[in-house]
Amino acid sequence: MVISHTASKNSRSLLDDSRLTITDKEFRHLREFIHMHSGIALSDHKRALVCSRLARRLRHHNLQHYSEYYRLLTENDHDGLELVAMINSITTNKTDFFREPHHFRFLAEEIFPAYRNNPKRERPIRLWSAAASTGEEAYSLAMTSLEAMPSFNERDICILATDIDTDVLSRAENGVYTHEQGKHIPEALLRRYFLKGQGSHEGEILAKPVLKSLVRFRRLNLQDDPWPMQTPFDVILCRNVLIYFDKPTQLKLFRRMAGMLKTGGYLMLGHSEAIYGLVDYFKPVGHSIYQCRGKVAS
Ligand SMILES: C[S@@+](CC[C@H](N)C(=O)[O-])C[C@H]1O[C@@H](n2cnc3c(N)ncnc32)[C@H](O)[C@@H]1O
């Protein structure tokens, strides 16, 4: 059985740190701090999760109380490294290859044929996986692109994959997964785009260079304003991350994403996420797929 990253972040600390408890005030302070720096909104029932996920950080610094850890974050984290480590501990990174497959079908059947059949279409095609986690989403985009447009290469397709969590990004960049994690990759694609691990990589699959060449991984906090990207995208996948944000943050991000899309570009959200009332910016064109109506200031 594969333990998801969510579970492993939890269970390890629950086993080791069951003696640590968090007071109301400590939870309130940390919750506000996390919200301010990541946009992640934690309700009261996430208290045990915060307690267990941050316990490892307390142990790392030899601290007994969450108030000491809060002081470290707010007064002594001069290089910002603890903030990064704290956010890495708090994020939930569940993902899969070809998760919510209708999005990849839509790309293959509706979006990519327009590029394939029109050599004058602007290149490179720019895709953004905006909460990339361990990279499965970005590599699924790369496989879908290459299957639809076999003659295209990194000059024609450019996939930016960003996440706030530096731990998951370094795993994404490695492109090494267990066979279990690869179970949603169709057999033919597995053979075409992955190597079978040997020796110390026995039981693993490794993304081939042709796949990796299309994807750039970068740390990006969606809360950062402005974003560093200058050129608009054809497609943005922002899936299963907005659920962690409150409504005002979601609305602000939807508007900013509209500003980062070409006219007629597409935004794809997770299954339980939806754009409410932003009809000036987007029109729905499929299940959790929206088309950008025009360029709007971000
Ligand atoms: C549940 S995963 C979703 C992965 C992938 N998009 C999918 O649908 O399978 C959510 C990801 O959002 C990232 N995340 C959370 N807050 C973020 C923020 N403020 N900026 C960028 N990424 C963030 C987390 O680190 C995590 O990897």
Side-chain angles (χ1 to χ4, degrees), residues 2 4-10 31-42 46 49-50 53-54 80 83-104 106-107 127-144 159-173 177 181-185 215-229 233 235-254 256-257 260 266-274 287-289:
V2 161
S4 74
H5 307 315
T6 318
S8 61
K9 270 182 188 182
N10 268 332
R31 169 160 81 176
E32 281 162 15
F33 188 81
I34 290 164
H35 185 246
M36 190 185 354
H37 290 279
S38 68
I40 297 172
L42 295 157
K46 291 284 160 60
L49 178 136
V50 170
R53 293 223 183 141
L54 295 186
L83 173 62
V84 171
M86 187 275 283
I87 288 175
N88 288 358
S89 305
I90 280 295
T91 54
T92 296
N93 311 111
K94 158 119 192 64
T95 189
D96 267 323
F97 285 100
F98 295 102
R99 184 181 194 187
E100 300 179 35
H102 57 281
H103 288 152
F104 300 96
F106 191 86
L107 277 160
L127 313 172
W128 178 19
S129 164
S133 187
T134 33
E136 287 89 329
E137 183 174 279
Y139 290 127
S140 302
L141 282 175
M143 283 186 270
T144 309
I159 301 169
L160 174 67
T162 62
D163 202 285
I164 196 173
D165 183 332
T166 54
D167 287 344
V168 288
L169 284 173
S170 64
R171 285 161 51 191
E173 231 162 2
Y177 300 93
Q181 287 169 318
K183 72 180 177 212
H184 295 297
I185 306 173
V215 190
R216 279 179 300 127
F217 290 99
R218 296 279 183 277
R219 182 176 193 258
L220 175 74
N221 181 351
L222 288 170
Q223 289 285 96
D224 289 348
D225 198 357
W227 292 325
M229 301 85 81
F233 291 92
V235 182
I236 300 177
L237 275 76
C238 186
R239 310 187 313 160
N240 304 302
V241 59
L242 295 170
I243 37 165
Y244 299 105
F245 300 162
D246 56 26
K247 215 39 176 293
T249 308
Q250 290 185 11
L251 285 174
K252 193 172 163 206
L253 284 173
F254 287 140
R256 294 182 65 201
M257 298 240 166
M260 279 311 302
Y266 296 88
L267 173 64
M268 300 184 176
L269 303 178
H271 61 284
S272 57
E273 298 158 333
H287 177 40
S288 58
I289 306 173

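Note that ligands are numbered from 1 as they come in the structure, with each ligand's atoms numbered from 1 the same way.
- With values rounded to the nearest 0.5 angstrom, Tyr139 atom OH is found 11.0 Å from Ile185 atom CD1.
- Scanning for side chain to side chain contact (heavy atoms under 4.5 Å, CB included) contacts around Tyr244 gives Ile40, Thr92, with sequence neighbours left out.
- Side-chain atoms of Gln250 come within 3.5 Å of backbone atoms of Leu242 as a donor-acceptor pair (strictly under, hydrogens ignored).
- Screening residues 215-229 for side-chain hydrogen bond (donor to acceptor under 3.5 Å, both in side chains) gives Asp225-Arg256 as the qualifying pairs, with residues at least two apart or on separate chains.
- In this structure, CG in Leu141 is found 8.5 Å from CZ in Phe98, a value given to the nearest 0.5 Å.
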Give me the pairs of N or O atoms, one from ligand 1 and one from the protein, that sit under 3.5 Å apart.
{"unit_1": "ligand 1", "atom_1": "6 (N)", "unit_2": "Ala131", "atom_2": "O", "d": "2.8"}
{"unit_1": "ligand 1", "atom_1": "6 (N)", "unit_2": "Glu137", "atom_2": "OE1", "d": "3.0"}
{"unit_1": "ligand 1", "atom_1": "6 (N)", "unit_2": "Arg239", "atom_2": "O", "d": "2.9"}
{"unit_1": "ligand 1", "atom_1": "8 (O)", "unit_2": "Arg99", "atom_2": "NH1", "d": "3.2"}
{"unit_1": "ligand 1", "atom_1": "8 (O)", "unit_2": "Arg239", "atom_2": "O", "d": "3.2"}
{"unit_1": "ligand 1", "atom_1": "8 (O)", "unit_2": "Asn240", "atom_2": "ND2", "d": "2.8"}
{"unit_1": "ligand 1", "atom_1": "9 (O)", "unit_2": "Thr95", "atom_2": "OG1", "d": "2.6"}
{"unit_1": "ligand 1", "atom_1": "9 (O)", "unit_2": "Arg99", "atom_2": "NH1", "d": "2.8"}
{"unit_1": "ligand 1", "atom_1": "19 (N)", "unit_2": "Ser38", "atom_2": "O", "d": "2.7"}
{"unit_1": "ligand 1", "atom_1": "19 (N)", "unit_2": "Asn221", "atom_2": "OD1", "d": "2.9"}
{"unit_1": "ligand 1", "atom_1": "20 (N)", "unit_2": "Leu222", "atom_2": "N", "d": "2.9"}
{"unit_1": "ligand 1", "atom_1": "22 (N)", "unit_2": "Ile164", "atom_2": "N", "d": "3.3"}
{"unit_1": "ligand 1", "atom_1": "25 (O)", "unit_2": "Asn93", "atom_2": "ND2", "d": "3.4"}
{"unit_1": "ligand 1", "atom_1": "25 (O)", "unit_2": "Asp163", "atom_2": "OD1", "d": "2.6"}
{"unit_1": "ligand 1", "atom_1": "27 (O)", "unit_2": "Asn93", "atom_2": "ND2", "d": "2.9"}
{"unit_1": "ligand 1", "atom_1": "27 (O)", "unit_2": "Asp163", "atom_2": "OD1", "d": "3.4"}
{"unit_1": "ligand 1", "atom_1": "27 (O)", "unit_2": "Asp163", "atom_2": "OD2", "d": "2.7"}

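- His184 pairs by the ring pair (Phe, Tyr, Trp, His ring centres under 6.0 Å) definition with nothing, not counting sequence neighbours.
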